[in-house]
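For ligands, and for the atoms within them, numbers begin at 1 and follow the listed sequence. Values below: all heavy atoms of this structure, side chains included; hydrogens, waters and symmetry mates excluded.
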Amino acid sequence: MATESVVPAVYGASDRPPRGDYSRAGADYTCPQNYAAYTEQDHETYRRLFERQAKLLPGLACDEFIAALPSLGQNLGAVDRIPRFDDINERLLKATGWQIVGVPGLIPEVPFFTLLANRKFPVTDWIRSPHEFDYIVEPDIFHDLFGHVPLLFNPVFADYVQRYGEGGLKAESLGACEQLSRLYWYTIEFGLIRQHGAMRAYGAGILSSAGELQHAVNSREPQRLALNLERTMRTRYKIDSFQQTYFVIDNFEQLFDMTAADFTPVYQRLEQLPELAADARLSQEQTL
Ligand code: HBI
Ligand code: FE
């Protein structure tokens, strides 16, 4: 069946052409994981990234993430190959009814929200090249698998991500995608949670980054604020530098409960309020 060619989506400031081969994607932007395409160098890159990042987690990553990481199918000691999505899905479907699906890279908002609303998480199936070992702008398979997939094994967090997808489709109809994408950015990508009286990371962008994990949890440079729907949705973000503001929750139920309400009145209120820069500091705010 000839798939209609899908238009690649490139987000944010990255003006580079898309990395993935979008001709492989179906109308829903998904494509089978191209496992045969991985070279020995790709497996070695994944192994080195996993090994380095797993060592950094104690005292910095939240308990739920550390507990779920082995669900990627490899105990920490013996990670040597890029995992097969089918193997992970066998466990993930049983755990929370989610599955991961291959995509060639970033995809437009509506297909993205539609996948999340159907408990399918899009995982880019190519991996960075060795000279991008320390930093890559676009999400590659390591960012998506290591960063996003473990917490999909946590039932409360998994329900939040599905609700986020449903909310995204509503936001699209209300023209509020930018505001809602900030909520995604400051929770699912760069969220912090207070545990054991200290800060811990739960956002995938932090957990999959060698440099930002320490910065987000312990640096005195960024400000840390309690997650607040309006404040978070007003705050712009940068895609190619460490965050200057992090938003903090006390538990995942907080995320799930927050998305129970209809956001329409929130979007209406936001229309009357100015956006805020990523490093905006408001006098009356209590930093954590
Ligand atoms: N596409 N593959 C992929 N992965 C993402 O995390 C992603 C995306 N498209 C859009 C997007 N994220 C963000 O704009 C969300 O805030 C919607
Ligand atoms: Fe991501």
- Can you list the ligand 1 atoms lying under 4.0 Å from a non-hydrogen atom of Phe113? 17 (C)
- Query: Heavy atoms only: which of Tyr29, Phe112, Phe121 is nearest to atom 15 (C) of ligand 1?
  - Reply: Phe112
- Message: Which option wins on minimum heavy-atom distance to atom 9 (N) of ligand 1: Leu106, Ile107, Thr30?
- Response: Ile107
If we ignore angles and hydrogens, is there a donor and acceptor under 3.5 Å between the side chains of [X] and [Y]?
{"X": "Tyr267", "Y": "Glu230", "value": "no"}
{"X": "Trp98", "Y": "Gln162", "value": "no"}
{"X": "Thr187", "Y": "Tyr164", "value": "no"}
{"X": "Gln195", "Y": "Glu64", "value": "yes"}

Kindly confirm or rule out an N or O of [X] lying under 3.5 angstrom from an N or O of ligand 1.
{"X": "Pro139", "result": "no"}
{"X": "Thr124", "result": "no"}
{"X": "His148", "result": "no"}

- Please work out the angle at the Fe ion (ligand 2) defined by atom OE1 of Glu189 on one side and atom NE2 of His148 on the other, rounded to 10°. 90°
- Message: Looking at every heavy atom in both Leu225 and Gln286, which two are closest together, and how far apart are they?
- Response: CD2-O, 3.8 Å
- In His143, what N, O or S atom is nearest to the Fe ion (ligand 2), if we give its atom name? NE2
- Task: Walk me through it: do Thr124 and Asp144 pass the test side-chain hydrogen bond (donor to acceptor under 3.5 Å, both in side chains)?
- Result: CA-CA 7 Å; Thr124 295; Asp144 282 337; 3.2 Å; yes
- Message: Using a 4.0 Å heavy-atom cut-off, which part of Tyr164 comes near ligand 1: side chain, backbone, both, or neither?
- Response: side chain
- Message: Just to be sure I read this right, does ligand 1 sit under 4.0 Å from the backbone of Trp185, its side chain, both, or neither, counting only heavy atoms?
- Response: neither
- Does NZ or CZ of Arg84 come closer than 6.0 Å to the centre of the six-membered ring of Tyr35, within 45° of the ring's axis? yes
- Message: Under 4.0 Å, counting heavy atoms only: does Gly105 come that close to any atom of ligand 1?
- Response: yes
- Message: Salt bridge check, Lys120 against Asp28: does any charged N sit closer than 4.0 Å to a carboxylate O?
- Response: no
